[in-house]
Amino acid sequence: MKTMADNNQNDLVSKITALCKRRGIIFQNSEIYGGIQGFYDYGPVGSLMKNNWKNCWWTENVIRRLDVVGIDGSIITHPKVWEASGHVSNFGDLLVECKQCHKRFRPDLIGNVNRCPECQGEFTQPRKYNILFHTEIGVIEGEKIPAYLRGEACQTIYLDFKNVIESSRVKIPFGIAQIGKAFRNEITPKNFLYRTREFEQWDIQYFVHPSQMDQWYEYWKQQRVDWYGHYFNQKDSLRLRQHASDELAFYAKKAFDIEYHAPWGWAEMEGIHWRSDYDLSQHSKFSGQDLSYQDPLTNEKYIPWIVETSGGVDRSFFFLLLDAYQEQVLPSQEVRTWLKINPKISAYQLAVFPLAANKPELVKIAQDLYQRLSSRFSVDYDDSSNIGKKYRRQDEIGTPWCLVVDYQTLNDQTVTVRDRDTMEQTRISMDQINSYLLNKLEKL
Ligand code: ATP
């Protein structure tokens, strides 16, 4: 089998972008108006996939853990939150502007050259641009309150820390998890979902006693890289990168990024941050509330320290697509494209087709099968064009198994099951489909 994807790393992003549009995974937002940079929509297939991806994270980190609880916080908060967090005074990139064409560039991304790469014009001195999105609360002129769309989702967790402690039975060490939208007025949105202006983050803020910070930091670092490793085909495309001392926040003893080897180089997917007591102390100071924790056994009172794991849902989903994309030249010279993605993330775990759309007896069995299986699995049904086209569509959206009702089904109640990755077809009895699939899914 010849895999072409490896040879074509450079145009892989365009191939994925085209596939996403063609198959209803992701669309450019406002496309009929010419699009708007840095905003995307998930289509009928993509919204199922993204929900599955989030569900994998939530199940692992909240449902299956006694020491982590979840919240779902609001996007707009009290504006003081962003003063306390430092985002109002310091959230953005250093940029230079070309005095001739007025385009702005991040010096670090254009190799610190001193002339405009587009027109050779002279640059201004570097200036900081704040990337928080501004909005206003209220409708009456003169009474509107300026506010921000949250620049990172995690701040809401700090805001709810006291409420969570008082309303649940959590005891340190414990974590609060959240999946939610964040907004950044990025100067250079690029590489499809990699850098957008509206995106989702998944965060865990894990609260610990300062004396246990090191051990919990190491625990989460490993836990998160292992978790991603479970879903990516190419394990060596993931790595942990330690931040150099000049990249560290003043309160951080160390920091690591989980990176993916993207077609344009190693790129951050999630940060594992040592936040010490910085966030809770800042919010205590700015709100005037006591955000310390009292240990119920020892009565010791302290501001907990935090290990943060903060990843991008859309960014990691994009990396998953890059990792899953496969091409194969068939003996017919046709190129087969498929997504080799974990079936837990696929939009549909299986698709059901009648072999021919104009045979009512086959259509009836296929529709009944769809009805029965869709109460247990996510199932697609397709009685449109020819069988080859139906397989191509399911391959391209990563459906792991396709069931075909054919003439033999009428005689012996068996159907063919085609495997996405091997294209092997086997026959199984219709009453064994449930156990066949459950058995496969259990092993993932
Ligand atoms: P970068 O250096 O790439 O701008 P960051 O270090 O500012 O990222 P964090 O503030 O640590 O990112 O946010 C946590 C995660 O949120 C990142 O690891 C990334 O996966 C995701 N993320 C951040 N900015 C964006 C963006 N503009 N578009 C999509 N995802 C993003």
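First listed ligand is number 1; within each ligand, the first listed atom is number 1. The model shown is predicted, which means the values in this text are computed figures rather than measured ones.
- Because its NZ or CZ atom is not both nearer than 6.0 Å to the ring centre of Trp401 and within 45° of the ring axis, Arg418 does not count as a cation-pi partner of that residue.
- Gln155 and His87 form no side-chain donor-acceptor contact under 3.5 Å, judged by distance and modelled atom types alone.
- Every residue two or more places apart in sequence or in another chain that forms a side-chain hydrogen bond (donor to acceptor under 3.5 Å, both in side chains) with Glu31 is listed here: Lys21.
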Name the atoms and distances for all side-chain donor-acceptor pairs under 3.5 Å in residues 315-324, with sequence neighbours left out.
from: Arg315; atom 1: NE; to: Tyr194; atom 2: O; distance (Å): 2.8
from: Arg315; atom 1: NH1; to: Glu268; atom 2: O; distance (Å): 2.9
from: Arg315; atom 1: NH2; to: Tyr194; atom 2: O; distance (Å): 3.2
from: Ser316; atom 1: OG; to: Trp53; atom 2: NE1; distance (Å): 3.1
from: Ser316; atom 1: OG; to: Gly312; atom 2: O; distance (Å): 2.7
from: Ser316; atom 1: OG; to: Val313; atom 2: O; distance (Å): 3.1
from: Asp323; atom 1: OD1; to: Asn233; atom 2: N; distance (Å): 3.4
from: Asp323; atom 1: OD1; to: Gln234; atom 2: N; distance (Å): 3.0
from: Asp323; atom 1: OD2; to: Asn233; atom 2: N; distance (Å): 2.7
from: Asp323; atom 1: OD2; to: Asn233; atom 2: ND2; distance (Å): 3.2

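- Considering each of Arg184, Glu200, Glu270, Glu198, the one bringing a non-hydrogen atom nearest atom 23 (C) of ligand 1 is Arg184.
- The only member of Arg336, Lys340, Lys15 that meets salt bridge (charged side-chain N to carboxylate O under 4.0 Å, His left out) when paired with Glu327 is Lys15.
- At under 3.5 Å, a nitrogen or oxygen of Arg195, whether backbone or side chain, sits near a nitrogen or oxygen of ligand 1.
- Heavy atoms of Arg197 found under 4.0 angstrom from ligand 1: none, in either backbone or side chain.
- Between Phe199 and ligand 1, no pair of N/O atoms sits closer than 3.5 Å.
- Within ligand 1, the atoms closer than 4.0 Å to a non-hydrogen atom of His273 are 11 (O), numbered from 1 in the order shown.
- With no hydrogens or angles considered, a side-chain donor-acceptor pair links Arg150 and Thr156 at under 3.5 Å.
- Taking only nitrogen or oxygen atoms, main chain and side chain alike, Leu193 does not reach within less than 3.5 Å of ligand 1.
- Scanning Tyr194, Tyr40, Phe319 for the heavy atom closest to atom 29 (C) of ligand 1 points to Tyr194.
- With atom 12 (O) of ligand 1 as the reference point, the heavy atom nearest to it among Glu247, His243, Glu268 is part of Glu268.
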